[in-house]
Structure formats: structure tokens, C-alpha cells
Q: 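Shown below is the structure under consideration.
Counting starts at 1 for both ligands and their atoms, in listed order. Position 1 is the first residue of the sequence; numbering continues from there. Here the structure is a predicted model, which means the values were calculated and not measured.
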Amino acid sequence: MTPDDSQTPDATTLWHGRFESGPAQALLTYTVSLPFDRRLAPYDIEGSRAHVRGLVRVDLLTAADGDAILVALDEVEAEIAADTFVWMPSDEDIHTAVERRVTELAGPAGGRLHTGRSRNDQVATDLRLFTKAQLQTTAGLLVDLIDVLHERAVQAEGAYLPGYTHLQRAQPVLLSHHLLAHAWTFARDVRRIIAAHTAADVSPLGAGALAGSTLPLDPDGVAEDLGFASRFENSLDVVSDRDFVADALYSLTMIAIHLSRIGEEFVLWSSEEFAFVTVDDGYATGSSMMPQKKNPDIAELARGKAGRIIGNLTGLLATLKGLPLAYNRDLQEDKEPLFDAFDQVHAGLVAVGGMIETAVFRTDNMERAADESAAGATDIADYLVRSGMPFRDAHAVVAAVVRQSLAEDRSLASVVSETDGLGAEAAALLAAGAGIKLRTSPGASGPDPVAVQIERHAAAVADLKLAVRQLGSTSHD
Ligand code: ARG
């Protein structure tokens, strides 16, 4: 460090007290978090308001000083919202910036705002408030996507396609069954989001830097004021706890993975090879060179962005793994991955939802693929099982019939109709559209169980919507 890149100590940093020289430019450049944590401003202000009200309640602040700070906080909020707030080079983070401006506006009363508080409990509070609000948005967007999938499942009526295992045609499934499979998946994601919300719903204010306070603070009252379900139990734990960030990131990562899987299906289904779906023009892109191209970019990016979101989760976990109690500056690295995951997952839910809502399913091609294939082979084995044959023997009989049909390049139905013990009655099970109707067991892919499933799914979604409404926090985004 040369004398030129340091500043003399003055009131420009919150922690200048014990230093003889000011911060090096390199330190400020490397450690500053304001470019990304200014997004927490509304939550920082909300937390400060509750802190001030708490200080007034326990007589650590006079009502007059409290009012002066609250008025200043209103002004800071308005300036930030109107983009007229003047950020200073010394504002290393949002907490510093807000407190600096409050002190400018409120005069000496401003110097009392940080009584009994540290940026360590403050930043944890801000991030928990932010996470709760964002998770509520996530849950709402998930429910919207589930509604789209449910609606498209109802519209699909009796349309069917081959279900796949190993990406080989396996057995017929209703298109509604396939769409509802994704809808149930996202319903589990809603439950995970609600659990992550519960993890975030603990107030850290009053924990101070790490050990609480010698002052008669009222963390319970502050927690209630901020709408948290409870206050922290252990000051050391709560200032260093970022489990709630990991929980949120994991829930978001699972959503990203599920969007990615639908994305992959849409990439396949919209290819000329499958031709099961046409993506609406509004949700597809063209090629700058090849005029005939129509590309499923949303589906591809849903697949691609999942990698980055998994990276956000694993990056955070690696940041956390070696940290001794309690606060360490490493924890500042919790924000960008979380912000990015929320932004990307929210945009992905909207885009994929729009793509599915507007897609045209080419059910003629789907049904032809199901009818042309040997996807009814298991049904022939089941036919033999119904007449008393052990399944293993039935499997061997039908395998031989399949081998013969391949060797002779004939349809499975024609070989079945000429085979002893099978014949026309068995061959009828391979007629177009017959196989899907045979799937009658609970939760199966045929019309009868799917009709039941649609009812049960509607009820499950109604329950989810109720649970999401009960999250009840307020977003500032
Ligand atoms: N910008 C910091 C963070 O995001 C705020 C807390 C800083 N606390 C401290 N003792 N340096 O974690």
C-alpha cells in the first residue's frame, strides 16, 4: 500500500475508530458489496424502523429521537425509490449507506440508530426478510405454472402418446397423464419452498455482533414487529446461520432441474424427428442464417440455466463449510448466488409457463407413434397372465412373438393373431388406441384413473394455494 492509495481516517467508514490510516483503495474495491446488496435497501429500512421502535419501547431512545430517525428513514426510502439517493464512495454496503444518510438527515439522533445493533444481525435480518418475500413470489409463480399444466392436461382429453423408458417407446400414456406428472413435480417444489420460508422465518435482530447486548433490548417485540414467526434462540448461531439461504437455494435448484427436464422434452418433442409439439412463434426464435429454422431457445435455456443455478447452490455450500463461529466476512458471498437463483428461476417459470400454455401438441403424431410401436407387448403378456400363466412365462412367449415380428418384418398384431394361445382376441389389444384404455389401475396412465387423478390434483392444488396464501409476507421487489 502506498500513501497515495490510502485515505486519512475520518467519519467515512463506520469502523474507522481504532485506525491511524484510512482504507486502501484496493480494500474498498475488493470488499465493497453495495453494487449488489443495495437491492436489500427496502428490507434494511424495514429492519431499522422496527429496531428504532424497539429502542423507544425500552427507553434507549426518546420518542423525539425515534421520530426523527423514522422521518429520516422515510426520506431515505423515498430517495432510493426515486433514484435520487446519492451514493458515496465510502458506502461499502447498504447498511452503511442508509445509516450515513439517516445521520445526515436526522442530525445527532441518527447517531443513536445503531444502538445495540451490529451489521452482523442487521444483514442477517435483511436477508431473511428478502428471502421470505422472494419465496412467496416463487411459490406464486410455481402455482401459476401448475395451473397451466393442469389446464393443458384437461384440454388434452383422450390424446395419448408412447411413454418412454431409456428414451425407447415403452407403454402408452395419456398426454394429460404426462403433463400432470410435471404438475405433481412442481407441487412438491411448492412444499419445499414453504419449508424454506419456515427456515427463514426467524428474527436475528438483537443478537448484535455475536453475543447479544448489555442493553435491555426487546428481540421478541422486534421479531413480532417485523412479522417473523419467532426470534433467534442463540445469538452466535443466528449471526452465522445461512442454512436458510442454502434451503432456499436448494429449493430453487430443484425447480431449475424440473424446468430443465421439461425443457429437454420440449427440445426433443419440437424436433422434426419427434414432431410432437409446435412451439408458438412468440416463444421460439429464428436463425440469423438459416431461414427455415425455428428454435426452442426457452426450452434450451431452461436446461442450460439449471447448471448455473446448481453452481450457485454448490458455491454457497463451499463458502459455508469451513466457517468457524460466528460472523465471517465470507458470508457476504451468500447474496449474489441467492439473488441470481431467484431471478433466473422466476424468469424461467414465467417463460416455460408461457411456452407450455401456447404450445400446439401434435396429438396425431403422438398417437401414431404409440400405435405403430410394440408398446402393447406388455399388454399381451398381461392377457396371458389373466388366463393363469405365470408372468415370467408370459414374458418369454411374447418376447418370442416380438422376435418373430422383427425377423419377418411384420406387425406385432399380425404375428399375435396367428400364434397359438393368443389369436384375434389378443391381437385386438394391439388395435389403435386400445392399449391406453387397458390402463385402469389406480394412478395409471389410462382414461379412468386419469379422470380420478385430475380431480385429486385439483384438490391438491387448492390445498397448495391455501398454504401459499398463508405465507403472507410483503415483497418490495
Ligand atoms: N456487507 C456485509 C455482508 O454482507 C455486512 C456485514 C458486515 N459486517 C462486518 N462485521 N464486517 O455480510
Q: If you measure only the distance, is there a donor-acceptor pair under 3.5 Å linking the side chains of His114 and Arg117?
A: yes
Q: What class does the angle between the rings of Phe361 and Trp269 fall in, given that below 30° is parallel, 30 to 60° is tilted and above 60° is perpendicular?
A: perpendicular
Q: Report the residues that fulfil salt bridge (Lys or Arg N to Asp or Glu O under 4.0 Å) with Asp463, sequence neighbours left out, ordered by chain and then residue number.
A: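 So Asp463 forms no salt bridge (Lys or Arg N to Asp or Glu O under 4.0 Å) with any residue.
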Q: Taking a 3.5 Å cut-off between nitrogen or oxygen atoms, can you list every pair linking ligand 1 to the protein, with distances?
A:
{"unit_1": "ligand 1", "atom_1": "1 (N)", "unit_2": "Ser33", "atom_2": "OG", "d": "3.3"}
{"unit_1": "ligand 1", "atom_1": "1 (N)", "unit_2": "Asp93", "atom_2": "OD2", "d": "3.1"}
{"unit_1": "ligand 1", "atom_1": "1 (N)", "unit_2": "Gln332", "atom_2": "OE1", "d": "2.8"}
{"unit_1": "ligand 1", "atom_1": "4 (O)", "unit_2": "Lys335", "atom_2": "NZ", "d": "2.5"}
{"unit_1": "ligand 1", "atom_1": "8 (N)", "unit_2": "Asn120", "atom_2": "OD1", "d": "3.0"}
{"unit_1": "ligand 1", "atom_1": "10 (N)", "unit_2": "Asn120", "atom_2": "OD1", "d": "3.1"}
{"unit_1": "ligand 1", "atom_1": "12 (O)", "unit_2": "Tyr327", "atom_2": "OH", "d": "2.5"}

Q: Would you please say whether a donor-acceptor pair under 3.5 Å links the side chains of Gln122 and His51?
A: no
Q: What orientation do His346 and Phe342 show, parallel under 30°, tilted 30 to 60°, or perpendicular over 60°?
A: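 Taking Phe342 first and then His346, their aromatic rings sit tilted (interplane angle of 30° to 60°).
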Q: Tell me if the centroids of the rings in Tyr283 and Phe266 come within less than 6.0 Å of each other.
A: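 Aromatic pair excluded; centres sit 6.0 Å or further apart.
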